[in-house]
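Only a predicted model underlies this, so the values are computations on that prediction, with no experimental measurement involved. Convention: sequence-line order gives letters A, B, ...; per-chain numbering from 1.
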Number of protein chains: 2
Amino acid sequence: MSSENLELKKAGLKVTLPRIKILSILESAENHHMSAEDVYKTLMEAGDDVGLATVYRVLTQFEAAGLVLRHNFEGGHAVFELASDDHHDHMVCTQTGQVIEFCDPVIEERQRQIAEEHGFEIVDHSLTLYVKPKK
Amino acid sequence: MSSENLELKKAGLKVTLPRIKILSILESAENHHMSAEDVYKTLMEAGDDVGLATVYRVLTQFEAAGLVLRHNFEGGHAVFELASDDHHDHMVCTQTGQVIEFCDPVIEERQRQIAEEHGFEIVDHSLTLYVKPKK
DNA sequence: CTAATTGCAAAAGCTTTGCAGCGCA
DNA sequence: TGCGCTGCAAAGCTTTTGCAATTAG
């Protein structure tokens with residue numbers, strides 16, 4: 001059994017064709033940040049008849065299961081990426097749309113300290129840099 | 001002439017009742033982060049007949065003029081706050097919805113460095129910590 | 001006077017939901 | 001076989017837009 005199937009099982013989800021295909025699309029995405037629409041189009045292009053509603057449902061289930069992360073960058077639509085063990089933040093180029101991932105221990109630690117100074121602990125955080133190529 | 005009117009003029013916007021009222025609502029908001037709907041409701045409660053569409057248009061114009069900032073926290077709708085000289089980031093309590101502002105020079109500087117290391121310069125950035133009260 | 005602004009209602013865009021039928025276990 | 005899953009279409013939400021009437025300068 002492929003690793004996709006195992007991941008699905010572990011998440012308590014039935015191993016169905018749409019789920020396998022969507023997971024595999026996310027795994028093989030070159031820039032691994034895709035909107036629901038992106039996933040849907042990819043399915044269509046591959047001749048796989050999966051409804052857009054199912055794409056949304058499956059992505060939401062994957063998110064609940066911790067398989068994918070949902071990001072709300074600016075622009076009205078959410079983007080999804082495969083969850084991996086290593087946390088990272090994002091840098092989005094305002095000219096090209098390119099998304100670069102990074103992780104900075106200094107920032108991570110300061111965040112924890114700041115929350116603590118206010119009597120809180122961090123549940124989650126979102127850091128996105130909107131950048132442009134340096135002249 | 002009140003300072004609101006001056007700000008509007010400076011922004012190249014005609015001084016109209018809806019604009020004055022919306023600006024004043026933002027200025028006197030206790031937790032100064034409001035959604036378009038919040039602003040609209042406040043207007044209604046005050047008996048001011050301003051269309052929701054106008055609220056959106058005015059907020060968008062204010063944003064373009066640099067008078068307000070638009071944030072896309074999680075939850076599907078944008079929130080607006082009066083722009084002030086001092087930049088800051090946000091900490092949102094997941095239990096109470098409370099929004100705390102903070103600014104950390106260490107994080108700011110690291111962001112700049114990270115962008116530079118990748119050959120970019122920062123146009124804008126968004127950092128939001130989702131927190132819960134510490135036990 | 002004239003261009004900017006507003007209100008209303010309709011439309012748009014993303015996402016969710018109801019329901020009948022299909023498919024995995 | 002049975003419950004979960006899917007597809008379709010319809011509905012929901014936030015936000016935007018078209019247009020005729022109104023208003024600021």
Side-chain angles (χ1 to χ4, degrees), chain A residues 1-2 4-25 33-44 46-65 67-80, chain B residues 1-2 4-25 33-44 46-65 67-80:
Chain A
M1 182 182 278
S2 78
E4 277 101 342
N5 296 15
L6 281 174
E7 295 182 69
L8 289 174
K9 286 229 149 134
K10 220 178 335 179
L13 298 168
K14 275 193 181 175
V15 180
T16 64
L17 237 47
R19 298 218 254 244
I20 294 173
K21 283 175 181 162
I22 292 174
L23 191 50
S24 128
I25 284 174
H33 295 81
M34 304 185 77
S35 67
E37 196 67 35
D38 290 337
V39 173
Y40 178 68
K41 283 206 203 97
T42 306
L43 284 165
M44 291 297 98
D48 296 319
D49 245 322
V50 175
L52 181 54
T54 299
V55 174
Y56 275 105
R57 270 187 295 233
V58 168
L59 288 174
T60 302
Q61 292 159 345
F62 283 4
E63 186 194 11
L67 285 175
V68 310
L69 297 174
R70 180 194 300 243
H71 300 291
N72 292 294
F73 296 159
E74 324 216 339
H77 63 282
V79 298
F80 300 82
Chain B
M1 180 182 277
S2 77
E4 275 103 343
N5 295 14
L6 281 175
E7 295 182 68
L8 290 174
K9 285 228 151 132
K10 221 178 334 179
L13 297 168
K14 278 192 181 177
V15 179
T16 64
L17 238 47
R19 299 219 254 242
I20 293 172
K21 284 175 178 161
I22 292 174
L23 191 49
S24 131
I25 284 175
H33 295 82
M34 304 185 75
S35 67
E37 196 67 33
D38 290 337
V39 173
Y40 178 68
K41 282 205 203 97
T42 306
L43 284 165
M44 291 297 98
D48 295 318
D49 245 322
V50 176
L52 181 53
T54 299
V55 173
Y56 275 104
R57 269 186 295 231
V58 169
L59 287 174
T60 302
Q61 291 160 344
F62 283 4
E63 186 194 11
L67 285 174
V68 309
L69 297 174
R70 181 194 300 246
H71 301 291
N72 292 294
F73 296 160
E74 325 218 336
H77 63 282
V79 298
F80 300 82

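Contact annotation: A/Tyr56 side-chain N/O to C/dT16 OP1/OP2 distance is not under 4.0 Å.
Atom CD1 in A/Ile20 sits roughly 19 Å away from atom P in D/dG4 (whole-Å rounding). Rounded to an integer number of Å, the gap from B/Arg19 CZ to C/dT6 C1' is 10 Å. Atom CG in A/Leu59 sits roughly 15 Å away from atom P in C/dC14 (whole-Å rounding). Here the C1' atom of nucleotide D/dC5 and the CD atom of A/Gln61 are 8 Å apart, to the nearest Å. Rounded to an integer number of Å, the gap from B/Glu37 CD to D/dG12 P is 16 Å. Taking atom CG of residue A/Asp49 and atom P of nucleotide D/dC8, one finds them 6 Å apart after rounding to whole Å. A straight line from OH of B/Tyr40 to P of C/dC8 spans 7 Å, rounded to a whole angstrom. Rounded to whole Å, atom C1' of C/dA25 lies 14 Å from atom CG of A/Leu13.
Listed nucleotides: C/dT6, C/dG7, C/dT15. Nearest to the side chain of A/Ala78: C/dT15. When distances run from any side-chain atom of A/Lys9 to the nucleotides C/dT15, D/dT16, C/dA25, the shortest one goes to C/dA25. If you check D/dT6, D/dT14, C/dG7 against the side chain of B/His77, the one that comes closest is D/dT14.
Taking NZ of B/Lys14 as the start and CD of B/Gln61 as the end, the distance is 12.0 Å to the nearest 0.5 Å.
Each of B/Thr42, B/Asp48, B/Thr16 was evaluated against B/Lys21; a single residue qualifies, B/Asp48, per the side chain to side chain donor-acceptor pair (under 3.5 Å) test.
Under the 4.5 Å side-chain criterion, counting only non-hydrogen atoms from C-beta, A/Phe80 is in contact with A/Arg70. With contacts defined as side-chain heavy-atom distances shorter than 4.5 Å, the pair B/Leu69/B/His71 qualifies. The side-chain heavy atoms of A/Asn72 and B/Asn72, taken from C-beta on, include no pair separated by under 4.5 Å. Annotation: side chain of A/Val79 is in contact with side chain of A/His77 (closest heavy-atom distance under 4.5 Å). Between B/Phe62 and B/Leu23, some side-chain heavy-atom pair lies under the 4.5 Å cut-off. Using a 4.5 Å heavy-atom cutoff, the side chains of B/Asp38 and B/His33 are not in contact.
Recorded end-axis angle for the helix from C/dC1-D/dG25 to C/dA25-D/dT1 stands at 30°, based on five pairs per end and rounded to 10 degrees.
Between B/Leu52 and B/Leu17, it is B/Leu52 whose nearest contact on DNA chain D lies nearer the 5' terminus.
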*asked:* I need a per-nucleotide contact map over nucleotides 17-23 of chain D, read 5' to 3'. Cutoff is protein heavy atoms under 4.0 Å; write B for the base, S for backbone only, - otherwise.
replied: BB-----
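Judged by distance alone, the side chains of A/Arg19 and A/Thr54 never bring a donor and an acceptor atom under 3.5 Å apart.
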